[in-house]
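Step one of this worksheet: look at the structure below.
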Number of protein chains: 2
Amino acid sequence: MKRTVPKKVSTAAHERLASWIAARGLKSTRQRDLIVDTFFSQTGHLSVDELVEKAKQRDPSIGAATVYRTMKILTDAGLASARHFEGGQTRYEGALDRHHHDHLICTSCGNIAEFENERIEELQDRVAEEHGFTVTHHKLELYGLCAACQQRQSNPNRQR
Amino acid sequence: MKRTVPKKVSTAAHERLASWIAARGLKSTRQRDLIVDTFFSQTGHLSVDELVEKAKQRDPSIGAATVYRTMKILTDAGLASARHFEGGQTRYEGALDRHHHDHLICTSCGNIAEFENERIEELQDRVAEEHGFTVTHHKLELYGLCAACQQRQSNPNRQR
DNA sequence: TTCATTTTGAAATTGATTCTCAGTCTCGAA
DNA sequence: TTCGAGACTGAGAATCAATTTCAAAATGAA
């Protein structure tokens, strides 16, 4: 039951994944390739559901469990990062050569913007130090309305 | 089946809850009082499980669903706030006359410290502004090892 | 006391995620 | 090539926190 895997996206990611997989005796499979390929061909912060749907478009036999398993591997390999925003489901974003960054989440349309702020990071470190904490990671998320949704709310006629 | 409700804790909270309840046609019940009482007699960030356990110590017939329901009411009334730290379960902290604050969470012992930092808040507002966002709320959590756990790790003999 | 309405506890349900298991692949060795 | 141990897969069961359902019980205004 062979299926053609669409042409590769993000070669760097595939290579890093390949060596990660080889290094621990895992095996590379058609499903894994397809899921990884699908993930890297998208941008933004995908939920597993969304990813399952996209993957099933290419191969309807893909199971959700495999998508979960694959995203865990990608995360362990440092190629994706899992985010847990409000709303209960984990979202993944590509992590290849990316800086640390935080998020602005629109509670109306779900749009997610990213930002980096060195000054805030420094202040966080200082706070941690004052409390004798060694910080391993942190979470900074700003929730509210994006510009477009504010517009929409004050101008309901133009909505949608 | 009358049971004695232990003497009141945090009268202010009870009064505010009473008017909140009265204002919307809800009824005040023995279970509710007991749960609220139990909640305010504790400090820190309680999970529902912990609260259920404490409540059952006073009245084993209390059901978990009622604790969930009661904490939702307390939250809606602005007397408690729900926090969703890493780990999957909601934790509640008293919100009576409390300033906004953020958290430092020890990933080893689970200890949670609080902090306020006006400067960070300002910078967050600026970031949001630059992106055209109107922020309604945010989440800032620093995860790592508290002083005690660092000590313990570098000095395993003194562990425990 | 009456009784419409709210509340309760237990059990069922939900939603996201993980686990289990029997059948399939993968890949290095022969 | 062919083999075979071990990894992988999909489906469905299991888990876990939280919510909902439902019949019985409690509340409180009249």
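In the text below, chain A, chain B and the rest are named by the order of the sequence lines, each starting its count at 1. Just the heavy atoms: all of them, side chains too, but no hydrogens, waters or symmetry mates, feed the values below. These numbers were taken from a predicted model, which means no experiment stands behind them.
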Subject >> Side-chain heavy-atom pair B:Leu145, A:Phe133 within 4.5 angstrom cut-off >> reply: no
Original post:
Looking only at heavy atoms, what is the nearest atom pair of A:Phe39 and A:Gly94, with distance?
Top reply: CZ-N, 3.5 Å
**OP:** Decide side-chain hydrogen bond (donor to acceptor under 3.5 Å, both in side chains) for B:His138 and B:Gln124; before the verdict, give the C-alpha distance in whole Å, the side-chain angles of both, and the deciding distance to 0.1 Å.
**Re:** CA-CA 9 Å; B:His138 71 254; B:Gln124 287 177 6; 3.1 Å; yes
Original post:
With ring centroids as reference points, do B:Phe85 and B:His103 lie under 6.0 angstrom apart?
Top reply: yes
Give me the distances for all protein-to-nucleotides 20-22 of chain C N/O pairs that come in under 3.5 Å?
from: C:dT20; atom 1: O4; to: A:Arg69; atom 2: NH1; distance (Å): 3.3

Original post:
Less than 4.5 Å apart, any side-chain heavy atom of B:Cys146 and any of B:Ser108?
Top reply: no
Original post:
Is there a side-chain polar atom (N or O) of A:Thr29 under 4.0 Å from OP1 or OP2 of D:dT9?
Top reply: yes
Original post:
Rounded to the nearest Å, what distance is computed from the CE atom of residue A:Met71 to the P atom of nucleotide C:dT18?
Top reply: 12 Å
For nucleotides 14-16 of chain C, tabulate all protein N/O to nucleotide N/O atom pairs closer than 3.5 Å, reporting atom names and distance.
from: C:dA16; atom 1: OP1; to: A:Gln89; atom 2: OE1; distance (Å): 3.0

Subject >> Atom pair distance, as rounded to whole Å: CD1 in B:Ile21 and P in D:dT27 >> reply: 12 Å
**OP:** Mind calculating the distance between CG (B:Leu51) and C1' (D:dA17) to the nearest angstrom?
**Re:** 15 Å
Original post:
Whole Å only: how far is the NZ atom of A:Lys72 from the P atom of D:dT9?
Top reply: 15 Å
Original post:
Using 30° and 60° as the class limits, which term best fits the ring planes of B:His137 and A:Tyr143: parallel, tilted or perpendicular?
Top reply: parallel
Original post:
Does a nitrogen or oxygen in the side chain of B:Ser28 sit under 4.0 Å from OP1 or OP2 of D:dT27?
Top reply: no
Original post:
Any side-chain donor-acceptor pair under 3.5 Å between B:Glu93 and B:His101?
Top reply: yes
Original post:
Considering only side-chain heavy atoms of B:Arg32, which listed nucleotide, C:dC27, C:dT7, D:dT9, is closest?
Top reply: C:dT7
Subject >> Whole-Å gap separating P (C:dC25) and CD1 (A:Ile62) >> reply: 13 Å
**OP:** Examine the side chains of A:Ser61 and A:Asp59 and answer whether a donor and an acceptor come within less than 3.5 Å of each other.
**Re:** yes
Subject >> No-H, no-angle donor-acceptor pair, B:Lys27 side chain to C:dT6 base, under 3.5 Å >> reply: no
Subject >> Rounded distance (Å) that lies between atom C1' of C:dT7 and atom CZ of B:Arg24 >> reply: 17 Å
Original post:
If you measure only the distance, is there a donor-acceptor pair under 3.5 Å linking the side chains of A:His100 and A:Glu116?
Top reply: no
Original post:
Over how many whole Å does the gap from B:Arg30 atom CZ to D:dA26 atom C1' extend?
Top reply: 9 Å
Original post:
Rounded to the Å, how far apart are B:Ile73 CD1 and C:dT7 P?
Top reply: 6 Å
Original post:
Does B:Gly25 or B:Lys56 map to a spot on DNA chain C nearer the 5' end, using the closest nucleotide for each?
Top reply: B:Gly25
